[in-house]
Amino acid sequence: MSNIEKTLSIIKPDAVERNLENEIKKIFIDNGFKIIKSKKIKIEKSEAEKFYKVHETKPFYNDLCSYLSSGPIIVMMIEKANAVLDNRELMGATNPKEAKDGTIRKKFGISIDKNSVHGSDSLENAKIEIDFFFKD
Ligand code: UDP
Ligand code: MG
């Protein structure tokens with residue numbers, strides 16, 4: 001039985017800035033993910049606001065959108081069995097201080113806002129987020 005899923009991963013500005021793209025991609029590949037699509041882009045704040053619209057009522061929304069649009073990011077469509085949940089596991093907790101050993105955020109995250117990676121939180125949102133960045 002295969003349960004191949006695609007999900008969206010973003011390497012956030014703090015990690016791109018520290019040249020962690022290849023190291024983070026290697027972690028995905030070593031954990032069984034295929035990187036099907038990848039592009040380095042810089043987005044406008046208005047696009048970040050659209051992407052993170054689900055958080056628009058949160059106190060951190062404005063800073064979050066400023067941050068995601070503050071520098072280059074790598075957006076990736078990645079694939080494996082159970083990709084959505086397995087990516088969330090591999091990323092670790094939102095706050096790097098609470099992330100488990102072996103997770104990307106534990107290894108590279110600086111703070112709750114500069115936590116190095118984004119990952120879709122459900123299969124439904126994965127489709128929406130992949131479309132957001134890769135719809136041709
Ligand atoms: N965030 C923040 N402060 C908070 C909670 C979240 O700056 O108190 C940021 C953080 O960068 C996080 C993003 O908002 O990755 C989206 O929050 P979410 O709860 O969806 O966390 P995630 O799904 O990224 O783990
Ligand atoms: Mg989230």
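Everything quoted here is computed from the prediction, not taken from an experiment. All ligand and atom numbering here is 1-based and tracks the order in the structure.
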(message) I need the minimum non-hydrogen distance between Phe28 and Asn87, along with the two atoms involved.
(response) CE2-OD1, 3.1 Å

Could you list which atoms of ligand 1 come closer than 4.0 Å to a heavy atom of [X]?
{"X": "His55", "value": "16 (C), 17 (O), 18 (P), 19 (O), 20 (O)"}
{"X": "Asn115", "value": "10 (C), 11 (O), 12 (C), 15 (O)"}
{"X": "Asp113", "value": "7 (O), 11 (O)"}

(request) Inspect the contact between Arg18 and Asp14 and indicate whether a charged nitrogen and a carboxylate oxygen are less than 4.0 angstrom apart. (result) yes

(message) What I want to find out is whether Glu56 reaches Lys53 closely enough, with some N-O distance under 4.0 Å, to be called a salt bridge.
(response) yes

(request) Measure the shortest side-chain to side-chain distance between Asp86 and Val84 over non-hydrogen atoms and say whether it is less than 4.5 angstrom. (result) no

(request) Answer whether the closest heavy-atom distance between the side chains of Phe108 and Asn115 falls below 4.5 Å. (result) no

(request) Spell out, as yes or no, whether a donor-acceptor pair under 3.5 Å connects the side chain of Glu5 to the backbone of Ala83. (result) yes

Looking only at protein heavy atoms, identify the closest one to [atom] and say how far it is in Å.
{"atom": "atom 24 (O) of ligand 1", "answer": "Arg105 NH2, 2.9 Å"}
{"atom": "atom 11 (O) of ligand 1", "answer": "Lys12 NZ, 3.1 Å"}
{"atom": "atom 21 (O) of ligand 1", "answer": "Thr94 OG1, 3.3 Å"}
{"atom": "atom 23 (O) of ligand 1", "answer": "Arg88 NH1, 2.9 Å"}

(message) Tell me whether Leu64 reaches ligand 1 (any heavy atom closer than 4.0 angstrom to a ligand atom).
(response)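 True for this residue.
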
(request) Consider every N or O of Met91 and every N or O of ligand 1, then say whether any pair is closer than 3.5 Å. (result) no

(message) Using a plain distance cutoff, I'd like to know if Tyr52 has any nitrogen or oxygen under 3.5 Å from a nitrogen or oxygen of ligand 1.
(response) no

(message) Please state which option from Tyr67, Tyr61, Phe60 has its nearest heavy atom closest to atom 5 (C) of ligand 1.
(response)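 Looking at heavy atoms only, the winner is Phe60.
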
(request) Would you mind finding which of Asn125, Asp121, Ile112 brings a heavy atom closest to atom 10 (C) of ligand 1? (result) Ile112

(request) Using the six-membered ring wherever Trp is involved, compare the ring planes of Tyr52 and His118 and label them parallel, tilted or perpendicular (cut-offs 30° and 60°). (result) perpendicular

(message) Can you classify the ring geometry of Phe60 versus His55 as parallel (below 30°), tilted (30 to 60°) or perpendicular (above 60°)?
(response) tilted

(message) Below 4.0 Å, non-hydrogen atoms only: which portion of His118 touches ligand 1? Side chain, backbone, both or neither.
(response)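 The answer is neither; His118 stays 4.0 Å or more away.
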
(message) Please identify which of these residues, Lys40, Lys42, Glu21, meets the side chain to side chain contact (heavy atoms under 4.5 Å, CB included) condition with Val16.
(response)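 One option only clears the test, and that one is Lys40.
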
